[in-house]
Amino acid sequence: MADTDEPSVSGKNSNEIVDESNSVTMLEVLAAEKALEEDANAVLGDSDEKNCTYPQGYIKRQALYACLTCTPPDSGRKAGVCLACSYHCHEDHELVELYTKRNFRCDCGTQVFNGKKCSLLADKPLEPNEKNSYNQNFIGLYCSCNRPYPDPEDDTEDVMIQCIICEDWYHFRHLNTEMNSSTDYSEMICETCVRRNPFLLRYVDLHVNKQEINVDITSVSPIPNPKSVVANVDNPENLPPNEQTVDKETITGAQVETDDSEKQVEVTTEVEGPISSLDKNLTDGTSSSAESAETIPAVVSNCILPVESNELPKIKTLFFNSDWRKQLCKCNNCSMLYKSEGVEFLTDEGDTVLAYEERGKSKEREGQYEQGLRALSSLDRIQQVEALTEYNELKNNLSEYLKKFVENKKIVREEDIKEFFSGLAERKKRKVEPPPYYCR
């Protein structure tokens, strides 16, 4: 059999070490290690494990942790620390992994920690980070059931999903949905956040679960943007069906140019206020002022936010595919609406957790997989087989050693692990040393 660069996987030749059912190659070990590293990089994103992120300000998205030792749930204080501070300032504390939060600045060392300094930035200002937002996750509670995760009193298997607006995590069974947890979707907005942002219900064609929202899709039509309008004063009844009217009193600072022969009015200004304040006028054509006798029927364009359906939709948890944010209207008035409601990040594709994870996976971190492959490739055939033998021996010995802890329901302590490796080193030493030679 010709030499190869890798040790045999089949276990059916002269290089067979142990039974195939109980063997594992070094490459399989390294491949499993690589998969774990990729998952870790996805969670950590482009976070820095050595430097506190406080000088960077309110970071768009980063891995965060809550320290229940420094800010216990009954203290009334909430705080989040960056990855580096979790390693260097709170390494022996009880930490809650928050996964990621948006627009957050590291709290470590600020006054919320009652005098505990940041080990990485001792001169950090004590003032609290006023723009940080905190929810129940910072005290180790999640979902509408307000329970910890994992919950020691709940043995029901369920997935947890993060709402992209409030960023709380929810058990799938506690979401108001008829959908199955295995359905393909990318992002979720919880029922509470939908109630606060009902305009999201109008994007019915973007909902993965649109059938359960109970919206008459045929009655949904595009809504124009009240930015640049051309109005026919004499003939409002001849306007096309989808065109709406805007009350003259809702238009401020207009520059009006008239031509008596044609009786056309051109309005070249923006309508005051976010589109949510215009929904009534834009859907039923009524004036915002009952006393106003003079209105300007207007044709508005460029806005793609759908008009509200005649049938009142149910308030439901919404699920979306990965590209739904690209299809949100970005006209001036919709942008004003997003800003006023504090959800302007919805139009930022870089805000998504998927984009965050991709940044983490692409970050150049040389892990044990790359190091192991480089070391393995530097060995000759015999050394590779010897390395595989050593690994399988270690695996079998460790499994046998830990079995007694499982059988006796004992906790594995640090000294137990040290004892195991000490014994392993002693056995290896006896194996390597030549037997004593006696002269007769």
Side-chain angles (χ1 to χ4, degrees), residues 102 161-168 170 172 175-181 183-227 241-244 246 270-271 273-285 299-355:
R102 69 168 58 87
I161 313 164
Q162 188 179 34
C163 171
I164 64 170
I165 292 184
C166 68
E167 297 191 294
D168 199 353
Y170 293 85
F172 197 91
L175 296 172
N176 185 12
T177 180
E178 301 158 17
M179 211 171 69
N180 191 287
S181 60
T183 304
D184 188 23
Y185 63 91
S186 179
E187 295 188 310
M188 179 273 290
I189 300 178
C190 71
E191 181 179 348
T192 300
C193 290
V194 172
R195 193 175 301 279
R196 293 171 181 165
N197 302 275
F199 72 92
L200 292 166
L201 287 165
R202 294 160 65 179
Y203 286 101
V204 62
D205 285 332
L206 305 184
H207 304 160
V208 172
N209 59 327
K210 59 185 176 183
Q211 298 303 323
E212 68 178 24
I213 307 300
N214 191 28
V215 177
D216 182 5
I217 300 177
T218 59
S219 68
V220 176
S221 58
I223 187 171
N225 177 16
K227 179 181 179 182
N242 287 340
E243 295 174 354
Q244 306 292 338
V246 178
E270 294 184 9
V271 177
I275 201 164
S276 58
S277 65
L278 300 175
D279 278 353
K280 186 176 188 299
N281 293 342
L282 292 171
T283 52
D284 62 15
V299 180
V300 270
S301 60
N302 299 329
C303 182
I304 60 173
L305 174 66
V307 176
E308 286 183 297
S309 168
N310 292 331
E311 183 179 357
L312 185 65
K314 295 178 181 178
I315 300 296
K316 283 272 192 175
T317 297
L318 299 181
F319 298 85
F320 299 92
N321 288 322
S322 58
D323 63 345
W324 78 281
R325 296 194 189 208
K326 298 178 182 178
Q327 303 178 58
L328 289 175
C329 181
K330 299 178 180 65
C331 74
N332 285 348
N333 285 290
C334 283
S335 297
M336 292 168 62
L337 171 62
Y338 304 149
K339 187 173 182 179
S340 67
E341 299 298 327
V343 294
E344 60 267 36
F345 54 81
L346 289 179
T347 58
D348 180 6
E349 295 175 35
D351 169 79
T352 66
V353 172
L354 179 61

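Bear in mind the structure is a predicted one, so any value in this text is a computation, not a measurement.
For the atom pair Leu346 CG and Cys334 SG, the distance stands at 12.0 Å (nearest 0.5 Å). In this structure, Thr192 OG1 and Ile165 CD1 are separated by 10.5 Å, a value rounded to the nearest 0.5 Å.
In this structure the side chain of Arg325 reaches within 4.5 angstrom of the side chain of Asp351, judged on heavy atoms. Taking the side chain as every heavy atom from C-beta outward, Gln162 and Met188 never approach each other to under 4.5 Å. Side chains of Trp324 and Leu318 form no contact here, defined as non-hydrogen atoms less than 4.5 Å apart.
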Please step through side chain to side chain contact (heavy atoms under 4.5 Å, CB included) for the pair Val353 and Ile164, ending with a clear verdict.
CA-CA 9 Å; Val353 172; Ile164 64 170; 6.0 Å; no
Test side chain to side chain contact (heavy atoms under 4.5 Å, CB included) applied to Phe320 and Ile189, step by step
CA-CA 8 Å; Phe320 299 92; Ile189 300 178; 3.7 Å; yes
Yes or no on side chain to side chain contact (heavy atoms under 4.5 Å, CB included) for Thr317 and Tyr170, after CA distance, side-chain angles and deciding distance?
CA-CA 11 Å; Thr317 297; Tyr170 293 85; over 6 Å; no
So Lys316 and Thr177, side chain to side chain contact (heavy atoms under 4.5 Å, CB included) or not? Walk me through it.
CA-CA 7 Å; Lys316 283 272 192 175; Thr177 180; 5.8 Å; no
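Around the NZ atom of Lys330, the shell of radius 6.0 Å holds more than 12 heavy atoms that belong to other residues, nucleotides or ligands. Counting non-hydrogen atoms of other residues, nucleotides and ligands closer than 6.0 Å to CG of Asp323 gives a total above 12.
Taking the six-membered ring for Trp and thresholds of 30 and 60 degrees, Phe319 and Phe172 have ring planes inclined between 30 and 60 degrees apart.
The side-chain contact (heavy atoms from CB on, under 4.5 Å) check on Glu349 picks up Lys326, with sequence neighbours excluded.
Minimum heavy-atom separation, Cys331 to Cys303: SG-SG, 3.7 Å. For Thr352 against Ala355, the heavy-atom pair with the smallest separation is OG1-N, 3.1 Å. Scanning both residues, Lys210 and Asp205, for their nearest heavy atoms gives NZ-OD1, 3.9 Å.
Tyr203 contributes a side-chain N or O that, together with a main-chain N or O of Cys329, makes up a donor-acceptor pair within less than 3.5 Å.
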Which pairs of donor and acceptor atoms, one on a side chain in residues 193-200, lie under 3.5 Å apart (sequence neighbours left out)?
unit_1, atom_1, unit_2, atom_2, d
Arg195, NH2, Glu191, OE2, 3.2
Asn197, ND2, Cys193, O, 2.9

